[in-house]
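For reference, the structure discussed in these notes is given below.
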Amino acid sequence: MLEPLRGLVANERVFIADVSINGFRIVSQTTLGPPGTAVRVQFEWDGRRVSADARIIHIRQTLVGEGQRARQLFHSGMEITQVTETSRNTLRELVAWHVAKALDEQKANARGIPAVAAQSFQTGKTNQLVRHELVAGRWREIPTNDGKQPLNGFTISAELSDSEVMMLRSSFEAGDADARKLIRQMAELSVSKSEGIPTRKYTP
C-alpha cells in the first residue's frame, strides 16, 4: 500500500491509495461513476507526471469519523486500459520503490521477509520462467512462458540459482500475507518488461 498520493480523476481531487502496473485503488469523497466507467487518472510522483486511461472495476464505500463529523469515502478499484510508455515506466519505478521500502521496514522490525530477498530477482525479462507453487507444504515447479503470479507462490526467471530460489522459498514460507504479496509484486516486476526491476543494493 502506498503513502497516498494526491491526484485528479475527471477534475475530481482524489487520493491514489494503491498502485500496481495494471491498476489503481483510488479514494474520493464523491463517486467517480459506476463500474464500467472510463476515466483518466493523473498524478505526480518523484517530480514525474503519470497519466493513464482506466476503467472502474468495483466500488466500496466506507465511513470515516463518528457522529456529525462522519464522512463517506469511495474506494474505486480501477484497471488500466491505456498508458504511455513513459507513464508505465514511472509506475513500475513507483511500485518497485514502495516494495523495496516495505522490505526494509520489515527487516528493521525483524519480521516478514529479509530485505536481501529483493536482490534475488533476475533483472531483465526472459521467456524461460518457472512458476513455484507451495501446495500442501511442498514446492512444485512448473516451466512456463506466462509471467502471471500465483497466489500460493511466485513466478520468476529460470536463470536464478538454486540458492536464490531456496532463499525466496524460505522467505515466502516464513512470511505473512503482506510479505508474500511483496514477493509476488517484486517477481511480477522482474518478469514484466525487458529492463526488469530497478537495481537496488541492500545491506543484510
How many angstroms lie between [atom1] in [X] and [atom2] in [Y], if you round to the nearest 0.5 Å?
| X | Y | atom1 | atom2 | result |
| --- | --- | --- | --- | --- |
| R169 | I183 | CZ | CD1 | 12.5 Å |
| R131 | Q149 | CZ | CD | 8.0 Å |
| H132 | I142 | NE2 | CD1 | 10.0 Å |
| F154 | L129 | CZ | CG | 13.0 Å |
| D18 | M78 | CG | CE | 13.0 Å |
| Q29 | F15 | CD | CZ | 8.0 Å |

side-chain contact (heavy atoms from CB on, under 4.5 Å) assessment of V50 paired with V19: CA-CA 12 Å; V50 173; V19 170; over 6 Å; no

Solution key, residues 40-47 side-chain donor-acceptor pairs under 3.5 Å, sequence neighbours excluded:
from: R40; atom 1: NE; to: D53; atom 2: OD1; distance (Å): 2.9
from: R40; atom 1: NH2; to: D53; atom 2: OD1; distance (Å): 3.0
from: R40; atom 1: NH2; to: D53; atom 2: OD2; distance (Å): 3.4
from: Q42; atom 1: OE1; to: R49; atom 2: NH2; distance (Å): 2.5
from: D46; atom 1: OD2; to: R48; atom 2: NH2; distance (Å): 3.1

For the pair [X] (side chain) and [Y] (backbone), establish whether a donor and an acceptor sit closer than 3.5 Å, ignoring hydrogens and angles.
| X | Y | result |
| --- | --- | --- |
| R88 | I21 | yes |
| Q82 | I80 | no |
| T155 | G147 | no |
| S87 | S51 | yes |
| S28 | T31 | no |

From CA spacing to verdict: side-chain contact (heavy atoms from CB on, under 4.5 Å), L5, L94: CA-CA 11 Å; L5 297 169; L94 169 60; 4.2 Å; yes

Full working for side-chain contact (heavy atoms from CB on, under 4.5 Å) between R6 and R13: CA-CA 7 Å; R6 294 181 183 273; R13 294 188 180 277; over 6 Å; no

Under the salt bridge (Lys or Arg N to Asp or Glu O under 4.0 Å) test, residues paired with E173 that sit two or more places apart: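 So E173 forms no salt bridge (Lys or Arg N to Asp or Glu O under 4.0 Å) with any residue.
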
Check: I26 and E12 side chains under 4.5 Å, non-hydrogen atoms: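 No, every pair of side-chain atoms sits at 4.5 Å or beyond.
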
Nearest heavy-atom neighbours spanning A158 and V130: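 In terms of heavy atoms, the two residues are closest at CB-CG2, 3.8 Å.
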
Nearest non-hydrogen partners of R184 and G153, listed with the distance: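 Minimum heavy-atom separation between R184 and G153: CG-O, 3.3 Å.
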
Derivation of the side-chain contact (heavy atoms from CB on, under 4.5 Å) call for V165 and I156: CA-CA 9 Å; V165 170; I156 53 178; 4.2 Å; yes

same_hphob_cluster(L32, I59) at 4.5 Å side-chain heavy-atom cutoff: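 Cluster IDs for L32 and I59 match.
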
Common cluster, L8/L73, ILVMFWY with side-chain heavy-atom separation under 4.5 Å: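 No, no single cluster joins them.
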
Geometric class of the F172/W139 ring pair [parallel <30°, tilted 30-60°, perpendicular >60°]: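 Correct class here is perpendicular.
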
